[in-house]
Asks: 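Before I ask anything, here is the structure I am working with.
All ligand and atom numbering here is 1-based and tracks the order in the structure.
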Amino acid sequence: MRIFKNEEKLSPEYVPSRLPHREEELNLLITFFSTHIYGKKGYSVRVLITGPVGAGKTALSKLFGAKAEEIASHAGVNLRYIHINCKIHTTLFSLLKRVVDALRSPIPGRGLSNEELLHSLMNYLENKRQTLILGLDEVDGLIREEPEALYLLSRISEERDAVPRLSLLMISRNVEVLNILDESTRNLLQNNVLYLSEYNADQLRDIIEYRCSEAFIEGVVTPEVLSLIVDMAAERGDARYAIEVLWRAGKFAENEGVDKVSPEHVRKAAASVYPAIKRENLAHISHHERLILLATTRLLMNGAKSHITSSELYSTYKVACEEYSTFPRGYTRFWEYLQRLEDIGFIRIRVLSEGIRGRRSYITLPEIPASILNRELKALLEKRKE
Ligand code: ADP
Ligand code: MG
């Protein structure tokens with residue numbers, strides 16, 4: 001029995017040709033970069049996309065890149081978009097090497113300093129009259145490893161007299177990344193932040209329906225099954241989770257040789273995607289992650305609060321560090337731990353807007369009572385003390 005029409009269309013690398021409920025954002029990006037796309041004189045552009053996991057940040061930027069190249073080419077403009085994952089390319093040098101390779105330019109990488117490499121790249125672009133939009137995904141990775149990298153990248157166009165040839169599209173899961181940047185870069189960005197909020201249930205339904213129609217043979221995924229996946233994913237507002245469950249449910253059906261995906265396949269799929277927190281997961285997280293979790297449980301146990309702010313948590317974490325004679329990590333590192341804890345499923349980070357001044361991150365424990373987790377953590381931390 002065939003289940004999939006085209007399974008690859010559910011793979012994480014695949015970028016769909018349209019993104020329902022992100023059309024406005026796509027147009028906004030095109031507007032932000034329009035001087036480049038239409039080959040007009042202008043400034044170097046910097047835009048930041050933020051939003052929670054599975055909000056479509058990566059897909060949106062890649063689709064934007066493809067559209068920007070397409071429009072530019074119709075207008076006779078030489079424009080390239082290159083998408084780089086800064087979790088992998090954490091240094092400016094590695095990032096620039098990747099750009100040079102992607103452009104197939106003859107610039108030798110070896111023996112050049114960062115700045116020389118950057119200037120060679122700019123010479124190359126100027127000679128070819130080519131404009132480059134760099135998509136820096138998971139940009140926190142680069143900022144942490146080499147804080148001055150973004151500064152160099154954003155200043156280079158101004159240092160040269162020529163038409164600006166390099167613009168940046170930065171992508172980050174958290175808005176706090178702005179706080180790490182220096183004042184002037186931050187000011188530049190202020191007006192160009194695109195926040196993607198979590199998808200609601202209706203939006204997820206449209207998204208899943210569309211992705212189903214691309215990947216599955218018609219009729220394999222019933223409306224009932226679709227609703228079940230929507231319900232599960234709506235709690236997180238996370239399209240990645242929805243698509244992962246969808247694909248795995250399809251695999252379970254395929255393996256059983258049946259001709260339809262059943263609700264039971266979906267439940268099995270969901271159980272295998274993000275398993276519920278188990279004691280053994282606690283054993284695998286680092287000392288600092290345990291201290292952060294401990295601080296979270298303390299804040300959530302005390303009051304009737306459902307959410308806490310990241311700055312509140314950071315102070316409480318520092319207190320916990322002192323109790324366990326540990327030197328606290330800096331704020332950036334703290335954020336990374338938070339993200340890992342979210343990836344494993346211990347905590348949830350929500351970003352809520354608070355007027356014009358911006359947005360704040362709130363942390364909560366979605367699945368386990370704070371008191372139980374607190375007890376488990378204390379036992380583990382005490383053990384280490386002995
Ligand atoms: P993020 O980078 O914000 O974590 P992704 O861009 O990786 O999220 O999106 C997660 C998954 O959901 C990807 O497979 C992506 O193709 C899909 N997706 C996200 N938004 C949409 C949408 N609006 N329409 C269709 N698929 C989407
Ligand atoms: Mg992403």
Asks: Count I, L, V, M, F, W, Y as connected when their side-chain heavy atoms are under 4.5 Å apart, and connections chain through other members. Are I30 and V193 then in the same cluster?
Replies: no
Asks: Could you please give the number of protein N/O/S atoms within less than 2.8 Å of the Mg ion (ligand 2)?
Replies: 1
Asks: Closest heavy-atom contact between I208 and A242?
Replies: CD1-CB, 3.7 Å
Asks: Can you say whether the rings of H83 and Y81 are parallel (under 30°), tilted (30 to 60°) or perpendicular (over 60°)?
Replies: tilted
Asks: Considering only protein heavy atoms, which is closest to atom 24 (N) of ligand 1, and at what distance to one decimal place?
Replies: P20 CD, 3.1 Å
Asks: For atom 20 (N) of ligand 1, find the nearest protein heavy atom and state the residue, atom name and distance (0.1 Å precision).
Replies: Y199 OH, 2.7 Å
Asks: If you measure every N or O of P12 against every N or O of ligand 1, does any of those distances drop under 3.5 Å?
Replies: no
Asks: For atom 25 (C) of ligand 1, find the nearest protein heavy atom and state the residue, atom name and distance (0.1 Å precision).
Replies: I207 CG2, 3.5 Å
Asks: Under 3.5 Å, is there a donor-acceptor pair between the R160 and H119 side chains?
Replies: yes
Asks: Can you list the residues that meet the ring-ring contact (aromatic ring centres under 6.0 Å, His included) rule with Y199, with sequence neighbours excluded?
Replies: none
Asks: Is there a path of hydrophobic side-chain contacts, each under 4.5 Å between heavy atoms, that joins L228 and Y241?
Replies: yes
Asks: Which ligand 1 atoms are under 4.0 Å away from a heavy-atom of A239?
Replies: 12 (O), 18 (N), 19 (C)
Asks: Are any of the N/O atoms in K57 less than 3.5 Å from those in ligand 1?
Replies: yes
Asks: For ligand 1, is there an N or O atom under 3.5 Å from any N or O atom of L60?
Replies: no
Asks: For I243 and ligand 1, does the shortest N/O to N/O distance drop below 3.5 Å?
Replies: no
Asks: In the protein, which heavy atom is nearest to atom 6 (O) of ligand 1, and how far is it?
Replies: A59 N, 2.8 Å
Asks: Would you say ligand 1 has an N or O under 3.5 Å from any N or O of R240?
Replies: yes
Asks: Considering only heavy atoms of V53, which atoms of ligand 1 have at least one such atom less than 4.0 Å away?
Replies: 4 (O)
Asks: Checking F64 against F33 for the ring-ring contact (aromatic ring centres under 6.0 Å, His included) test, could you report, in this order, the C-alpha distance in whole Å, the side-chain angles of both residues, the deciding distance, and whether it holds?
Replies: CA-CA 10 Å; F64 156 76; F33 288 96; 5.2 Å; yes
Asks: Yes or no on ring-ring contact (aromatic ring centres under 6.0 Å, His included) for F334 and Y331, after CA distance, side-chain angles and deciding distance?
Replies: CA-CA 5 Å; F334 165 77; Y331 196 69; 5.6 Å; yes
Asks: If you count the atoms of ligand 1 from 1 in the order shown, which ones are under 4.0 Å from a heavy atom of P52?
Replies: 3 (O)
Asks: Considering only the protein, which heavy-atom contact is closest to atom 26 (N) of ligand 1, and what is its distance?
Replies: R211 NH1, 3.0 Å
Asks: Applying side-chain contact (heavy atoms from CB on, under 4.5 Å), can you list everything that pairs with V163, at least two apart in sequence or on another chain?
Replies: K41, R165
Asks: Are the charged groups of R248 and E244 less than 4.0 angstrom apart, N to O?
Replies: yes
Asks: Hey, does R22 come in under 3.5 Å of ligand 1, counting only N/O atoms on both sides?
Replies: no
Asks: Is there a donor in the side chain of T309 and an acceptor in the side chain of E312, or the other way round, less than 3.5 Å apart?
Replies: yes
Asks: Return the closest protein heavy atom for atom 8 (O) of ligand 1 as residue, atom name and distance.
Replies: G56 N, 3.2 Å
Asks: A320: what forms a side-chain contact (heavy atoms from CB on, under 4.5 Å) with it, not counting sequence neighbours?
Replies: L291, L294, R298
Asks: Mind checking whether T50 and M170 have side chains closer than 4.5 Å, heavy atoms only?
Replies: no
Asks: Answer yes when R329 and E336 have at least one side-chain N-carboxylate O distance shorter than 4.0 Å, and no when they do not.
Replies: no
Asks: Under 4.0 Å, heavy-atom basis, I'd like to know which part of L19 is in contact with ligand 1: side chain, backbone, both or neither.
Replies: both
